Amino acid sequence: MSFEDYRGVWVFMEVKDGAIVPVAKELLGAGRQLADKRKTELAGVLIGDGVSALAEEAIYYGADQVYVYDAPIFKHYRTETYMRALLACTEKYKPEIILYGATSTGKDLASAVATDLPTGLTADTTQLDVEEDTGLLLASRPAFGGNIMATILCKKYRPQMATVRPKVVRALPRDASRIGTITRESIELREEDVRTKVLEIVRQTVQRVRIDEADIIVAGGKGLGSPAGFQLIHEFADVIGAAVGASRDVVEAGWIGHHHQVGQTGVTVTPKIYFAIGISGAIQHIVGMQNSGLIIAINKDPGALIFQSCHYGIVGDAFEIVPMLIEQFKHALG
Ligand code: FAD
């Protein structure tokens, strides 16, 4: 394998409900920086059915080039079909780096591609950089239970691949004057040869907002006392249309699932407004929400660390304050 043959930074352009997912746009922003440093091209790989119109969007968000696989066989995400397309594209154009959003689709695809290509994959990256002269991707992520940040290198193989968490890098502003090249690609794939069939898509009946995409998060901590007490967080979130976040201690107590955990070993969030209720403000929690636009803390201990990291702090009992907020918001929002 000659490293000189491998050029360019690629981003897998995941599409959901007819639109490019936010993390793919964020990765184009990060990929742009890597590609500029390497003086190379940034490309998006777009796979789906009826997705061609989205190729220009990828260019507006930073891509120089978009490879498009648009065919009915790609209507629903299936590991086998998407992997075959991406592998064919990789073999044809030989990218130096491929980035995927750390969504369930991105993680599934990246790990499938990594099993077929003779290369590795850094999962759940939170920081990206590249060595200008060697092209080595510096993919950093928390390791050993979040106690250290590890920078992982793939020194011997190409392409270098990483999944990147949503909201850890920034998308560039959409620029509709950008121009780039769109290349249509296809592969020989017959429906009869694909082992997986999508029979039906069952949507969750309760559509809760995902915390990594939410504009407002109401997060609760151990100060809520019990699973029943934590219901107050759900109630408040419902009234203001927010997603529910939680501290690790709450998740470990089993009051809510892990995908609600904010922090070093949970999800990194940057909503416009973050309510931290009954959360002490341990550093491992703070690192996951400190870039929120407005942080409002409610805690009965005036010495709680959370008050050092918030814009507004309310000292008091959550069980007195939150019901008052619920009433006021219900009234204000009609
Ligand atoms: P506590 O520390 O018990 O705080 C409860 C707070 O509620 C207190 O400040 C108290 O004053 C207040 N309170 C009590 N009753 C009320 C009331 N009625 N009204 C208002 N306030 C009240 N934590 C995370 O959150 N996310 C992570 O990703 C994470 N990763 C970690 C990784 C490592 C390697 C380690 C070692 C720890 C990690 N932690 C993480 C745990 C973290 O250190 C804290 O233990 C945890 O955040 C504390 O959760 P808490 O604030 O809910 O609970």
Side-chain angles (χ1 to χ4, degrees), residues 102 107 123-127 140-152 163-168 210-214 216-237 239-240 242-271 273-292 295-329:
K107 287 183 192 179
D124 267 333
T125 308
T126 57
Q127 277 172 32
S140 304
R141 52 154 297 155
F144 294 107
N147 288 308
I148 60 158
M149 281 297 281
T151 299
I152 297 168
T163 61
V164 183
R165 285 195 191 184
K167 300 262 184 183
V168 297
R210 289 176 43 157
I211 59 169
D212 55 355
E213 290 174 3
I216 310 175
I217 295 176
V218 176
K222 260 327 227 345
L224 277 306
S226 66
F230 197 79
Q231 285 310 310
L232 192 60
I233 299 295
H234 288 289
E235 201 186 324
F236 184 28
V239 169
I240 61 172
V244 172
S247 69
R248 186 171 87 165
D249 288 23
V250 160
V251 171
E252 283 186 345
W255 299 357
I256 196 165
H258 180 255
H259 52 283
H260 292 269
Q261 183 183 318
V262 173
Q264 189 177 315
T265 44
V267 182
T268 305
V269 296
T270 50
I273 307 174
Y274 188 88
F275 286 92
I277 304 173
I279 291 178
S280 58
I283 184 65
Q284 296 89 354
H285 188 85
I286 300 297
V287 293
M289 44 63 92
Q290 63 193 352
N291 293 327
S292 305
I295 301 171
I296 302 165
I298 303 171
N299 196 302
K300 69 177 183 186
D301 172 9
L305 279 174
I306 192 76
F307 290 129
Q308 294 177 16
S309 302
C310 66
H311 301 96
Y312 293 102
I314 303 171
V315 179
D317 187 337
F319 294 101
E320 282 174 24
I321 293 159
V322 179
M324 286 196 274
L325 289 174
I326 291 173
E327 271 317 300
Q328 289 299 319
F329 275 109

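Computed from a predicted model, the values in this text were never measured in an experiment. Every number for a ligand or one of its atoms is a count from 1 in the order of the listing.
Near Asp301, the atoms of ligand 1 lying under 4.0 angstrom from a non-hydrogen atom of the residue are 11 (O). Within ligand 1, counting atoms from 1 as listed, the ones closer than 4.0 Å to a heavy atom of Lys222 are 3 (O), 50 (P), 52 (O), 53 (O). Annotation for ligand 1: atoms under 4.0 Å from non-hydrogen atoms of Gly266 are 28 (O). Ligand-side atoms of ligand 1 in range of Gly221: 52 (O), range being under 4.0 angstrom from any heavy atom. Close approach of ligand 1 to Gly316 (heavy-atom distance below 4.0 Å) involves ligand atoms 19 (N), 20 (C). Listed by number with element, the atoms of ligand 1 under 4.0 angstrom from any heavy atom of Asp317 are 17 (C), 18 (N), 19 (N). Near Val262, meaning under 4.0 Å from any of its heavy atoms, are these atoms of ligand 1: 24 (C), 25 (O), 26 (N), 27 (C), 28 (O). Those atoms of ligand 1 with a heavy atom of Ser247 less than 4.0 angstrom away are 25 (O), 49 (O), 50 (P), 52 (O).
Here the closest non-hydrogen pair linking Ile217 and Gly245 is CG2-N, 3.8 Å. His285 and Val262 make their closest contact through ND1-O, 3.3 Å (heavy atoms, listed as atom of the first residue, atom of the second, distance). The two residues Asp124 and Arg141 have their closest heavy-atom pair at O-CB, 3.5 Å. Minimum interatomic distance between Ala214 and Ala243 (heavy atoms only, all atoms of both residues): CB-CB, 3.6 Å. Listed here is the closest heavy atom pair of Gly221 and Val250: C-CG2, 3.3 Å.
In this comparison of Gly223, Ala318, Ala246, the heavy atom closest to atom 13 (N) of ligand 1 sits on Gly223. Remark: among candidates Arg248, Glu320, His258, the nearest residue to atom 37 (C) of ligand 1 is Arg248, based on non-hydrogen atoms. Distances from atom 31 (C) of ligand 1 to the heavy atoms of Gln284, Gln261, Glu252 show the closest one on Gln284. The heavy atom nearest to atom 29 (C) of ligand 1, considering only Val315, Thr268, Thr265, is found in Thr265. For atom 7 (O) of ligand 1, the nearest non-hydrogen atom from the set Ala253, Gly278, Ala276 belongs to Gly278. When Ser280, Gly229, Pro142 are checked for heavy-atom proximity to atom 51 (O) of ligand 1, Ser280 turns out nearest.
Taking 4.5 Å as the limit, every side-chain heavy atom of Ile233 sits out of range of all side-chain heavy atoms of Phe275.
For Gln127, the side-chain contact (heavy atoms from CB on, under 4.5 Å) test picks out Ser140, Met149, with sequence neighbours left out.
Rounding to the nearest 0.5 Å gives a distance of 11.5 Å between SG of Cys310 and CD1 of Ile279. Thr268 OG1 to Arg165 CZ: the interatomic distance, rounded to the nearest 0.5 Å, is 5.0 Å.
Taking a 6.0 Å sphere around CZ of Phe319, one finds it holds more than 12 heavy atoms contributed by other residues, nucleotides or ligands.
Contacts between Ala282 and ligand 1, counted as non-hydrogen atom pairs separated by less than 4.0 Å, involve the side chain only.
Heavy atoms of Gly288 stay at 4.0 angstrom or farther from ligand 1.
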